[in-house]
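These notes are about the structure you will find just below.
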Amino acid sequence: MKKTFLMFASLCFFATSYAQKSDAKMNAFIDALMKKMTLDEKIGQLNLPGSGDIVTGQAGNSDIGKKIKAGEVGGLFNIKGEAKIRAVQKVAVEESRLKIPLIFGMDVIHGYETEFPIPLGLSCSWDMNLIKKSATIAASEASADGICWTFSPMVDIARDPRWGRIAEGAGEDPYLGSQVAKAMVEGYQGNDLSKNNTIMACVKHYALYGAAEAGRDYNTVDMSRIRMFNEYLPPYKAAVDAGVGSLMTSFNEVDGVPATANKFLLTDVLRKIWGFKGFVVSDYTSVNEMVAHGIGDLQTVSAKALMAGLDMDMVGEGFLTTLKKSLKEGKVTQAQIDFACRKILEAKYKLGLFADPYKYCNEERSKTEIFTDANRKASREIAAQSFVLLKNQGNILPLKKSGTIALIGPLADSKMNMPGTWAVAARYDKAVSLLQGLKETLGDKVKILTAQGSNLSYDKTFENNAQMFGKTIPEDTRPASEMIAEAVNIANQSDVVVAALGESAEMSGESSSRSNIDIPDAQQDLLKALLHTGKPLVLVLFTGRPLTIKWENDSVPAILNVWFPGTEAGYAISDVLFGDVNPSGKLTTTWPQNVGQIPLYYNHKNTGRPLEGKWFQKFRSNYLDVSNDPVYPFGYGLSYTTFNYSDVHLSSNSLKGNQTLTASVQLTNTGTRKGKEVVQLYIHDVVRSITPPVKELKGFQKIELQPGETKTVSFQITPNDLKFYNGNLKYDWEPGEFQIMIGTNSRDVKSANVNWSK
Ligand code: BGC
């Protein structure tokens, strides 16, 4: 024991002193470089313009090329291609005075060319190894093509499904969100940022972007510190703790100050409390947008942003064009410019760009390591793990690999819509539609009849707004009744109907908020007509957000929610529909009955007048016209098999101080197939100094069981799991009674109580 400790201690000492030595080396290098830099060159490092008009072969003569030569650019983003990036880097390291390499970023959000499910879908796998693997693969592909920096993970907690960017995050829970944040950062950065197949992550959007009022993108955020620290900030902090190299500010304001110039967020919390060592970049023109926010002209807002702790200005060039003047006028300090410049240079150093500016530009790698069979296989497997089986009445699913299937719906054959939102580098040409996937996986075992059945929506304006960037679904100009009649005719000739309905990819994502989150009208009419045929029907639901599908849940026998599964969509959906993969995804957001219930989330407070018993109760916290229940609670998802939970067993009912409590259940696979179950641990602090949520996720395990098999699933709970930010924003726990709950989702749990004294 002693010997192991000594070995461990000397290893730690070695690691620390090695880190100190390499830090010292980096610092000496940067000190020497910064001594040579002019003020303009320092400010140039803080500038991240859009990639503009760059064409390979003429990089140096483009507008951006001229700026690079003049030392006015620190990095570029969203340029795709190893050769193009190499050409631009050449301008920086051969034609600028100090030859400082550029950093190349991209929105590699859920994959590079091999696209994985949208992040909300990925989170529903509750499988941190798979999520990490998706980021590792994304990093290896992006880095093989010249990219060394990704604007991911997006960890904004979102409780409002009207907000389109809910698609880009891990849902509503701070604990799960933190685990995902860590897995993504570790996946991108690996354990060595200087390797050529890892890239720097950028956690975003700091902070509270997901709490935009009314779910309208970029809207105002106003929140108490207690809520902020307990419910919204943990995933950003988890990314910082995992060593994320950079952080992006958000568009919204917090406490009346836009995040991009918010000193409380960027300096007091991020640097001083959390000890963040990386650099902070603005969001796209978010410096300039502070003029519209109403806190000053471009010079003023740029100065405010720098002094608050922003290091790099994305696109708007407020820093580039005004900081020199502000320095002369005493509105910013030389020390702050130096600090920001140092942070950018440190990132470049850590990425190894000074040692080899072309280390991510490798023609061979770009040809052989991107969109490989192995990566596509991984994407297919991961996609299948992200699907959530919402309903399966009479075990319609899995389908038999025989007979005739009617595949109907506007999303049945749309490769363009499979990668989902924010898939900048995706191979859309190679994305696999559901129809293609079924045909290729089933061959001639199953006869497939198809019809589009409806357009996306009757509302043409909405339809146009939701089909940007070429992600269209060809408009059928026939009357809706004719399209439906054709679909019904096909349905009548089939053994089972698969309806591929829901949102198009651009109905969620940035600037894609919706005030109505139903399945669009035209598709609902189609669905009703198909149900009317009396044929067994499976709804394959595509969506980037929770939808209000109360009627569908009441009426449709089987619903498989597939989000936007990525480039291998059609294969992955086929794998699950036909039972080659047993679905095991669980929702990471609550699905409300209607928009009026929003925000609806599982970890809410009790209020002084909770509904006790059945809805409706006068003078209790509820609605006249709808119950407080969701359609599907957080953590919900079915399987082709069934699981039984025993009662919760606690190692003790009375604990003290730093003791560890073991809470366990016996989990049994009571069905006839092998399956995976996400066992969820929730804790409720019965009494504390600030009102507690009714329950909070504190642990989970994904367990695989053979039919008939039983396993004991145990959670080790320590006082750390009981901590929260109290009224003085002190992170601590308070003694008393705790309810320990374990179950299959946030609603269906078994519980036992424990008393924990200090
Ligand atoms: C988005 C960011 C993204 C950036 C760069 C912005 O519009 O809010 O999430 O990283 O653009 O493309």
Side-chain angles (χ1 to χ4, degrees), residues 47-52 54 64 73-80 102-112 118-120 135 138-139 142 147-158 163-170 181 184-185 188 199-212 215-219 221 235-236 239 244-254 258-260 278-290 292-293 305 310-318 347 419-426 468-469 505-506 508-513 544:
N47 189 29
L48 181 71
S51 49
I54 293 167
I64 289 289
V73 177
L76 288 175
F77 70 102
N78 288 355
I79 317 183
K80 183 164 189 288
L102 301 171
I103 182 172
F104 290 92
M106 187 184 267
D107 287 285
V108 181
I109 307 297
H110 49 111
Y112 186 67
I118 55 166
L120 185 59
I147 300 296
C148 55
W149 179 32
T150 175
F151 301 142
S152 172
M154 188 289 227
V155 304
D156 306 321
I157 293 295
W163 189 54
R165 301 198 82 170
I166 198 169
E168 292 177 58
M184 298 282 290
V185 171
Y188 290 130
I199 60 179
M200 183 172 281
C202 181
V203 62
K204 69 188 189 186
H205 307 84
Y206 184 71
L208 323 181
Y209 184 32
R216 179 158 55 79
D217 212 357
Y218 320 125
N219 205 5
V221 172
Y236 308 107
V244 71
S246 64
L247 172 142
M248 189 188 292
T249 64
S250 57
F251 288 121
N252 55 282
E253 64 172 66
V254 171
T260 303
F279 75 93
V280 179
V281 63
S282 77
D283 202 347
Y284 202 104
T285 65
S286 71
V287 171
N288 313 54
E289 290 170 25
M290 292 191 283
H293 272 284
L310 182 76
D311 304 313
M312 193 178 225
D313 175 7
M314 189 194 290
V315 174
E317 305 208 331
T421 188
W422 272 122
V424 181
M468 304 263 170
F469 314 120
E506 289 301 315
S508 60
E510 185 170 352
S511 187
S512 290
S513 295

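Since this is a predicted model, take the numbers as computed values, not measurements. Only heavy atoms go into these numbers, but all of them, side chains included; no hydrogens, no water, no symmetry mates. Just so you know, ligand 1 is whichever comes first in the structure, and atom 1 is the first atom listed for that ligand.
Among protein heavy atoms, the minimum distance from atom 6 (C) of ligand 1 is reached at D283 OD1, 3.0 Å. Atom 7 (O) of ligand 1 has E510 OE1, 2.8 Å as its closest protein atom, hydrogens excluded (heavy atom only). Atom 12 (O) of ligand 1 has D107 OD2, 2.5 Å as its closest protein atom, hydrogens excluded (heavy atom only).
Heavy atoms of M106 found under 4.0 angstrom from ligand 1: none, in either backbone or side chain.
Atoms of ligand 1 lying under 4.0 Å from any heavy atom of F251, numbered from 1 in the order shown and given with element: 7 (O), 8 (O). Residue-ligand proximity, K204 to ligand 1, at heavy-atom distances under 4.0 Å covers atoms 2 (C), 3 (C), 9 (O), 10 (O). Close contacts of ligand 1 with N78, meaning ligand atoms under 4.0 Å from a residue heavy atom, involve 12 (O). Taking every heavy atom of F77 and a limit of under 4.0 angstrom, the matching atoms of ligand 1 come to 5 (C), 12 (O). Near Y284, meaning under 4.0 Å from any of its heavy atoms, are these atoms of ligand 1: 6 (C), 7 (O), 11 (O). Set against the non-hydrogen atoms of F151, the atoms of ligand 1 under 4.0 Å away are 5 (C), 10 (O).
Checking only distances, Y209 never comes within under 3.5 Å of ligand 1, N or O to N or O.
The two atoms that bring T260 and V287 nearest to each other are CG2-CG2, 3.8 Å, heavy atoms only. For the residue pair I147 and I199, the shortest heavy atom distance occurs at O-CG2, 3.4 Å. Shown here for G215 and S513, the closest heavy-atom pair between the two residues is O-OG, 2.7 Å.
Using 4.0 Å as the threshold, H205 has a heavy atom nearer than that to some atom of ligand 1. For E168, the closest heavy-atom approach to ligand 1 does not fall below 4.0 Å.
Residues E510 and T421 have side chains not in contact (no heavy-atom distance under 4.5 Å, counting atoms from C-beta outward). Two residues are said to be in side-chain contact when any heavy atoms from C-beta on lie closer than 4.5 Å; K204 and I109 meet this criterion.
To the nearest 0.5 Å, atoms CG (N219) and CD (E253) are separated by 9.0 Å.
Considering V221, D217, T249 in turn, D217 is the only one that fulfils the side chain to side chain contact (heavy atoms under 4.5 Å, CB included) rule with Y209.
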Chi angles and distances behind the ring pair (Phe, Tyr, Trp, His ring centres under 6.0 Å) call for F279, W149: CA-CA 12 Å; F279 75 93; W149 179 32; 5.2 Å; yes
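Aromatic ring orientation, H205 versus F251: parallel (interplanar angle below 30°, classes split at 30° and 60°).
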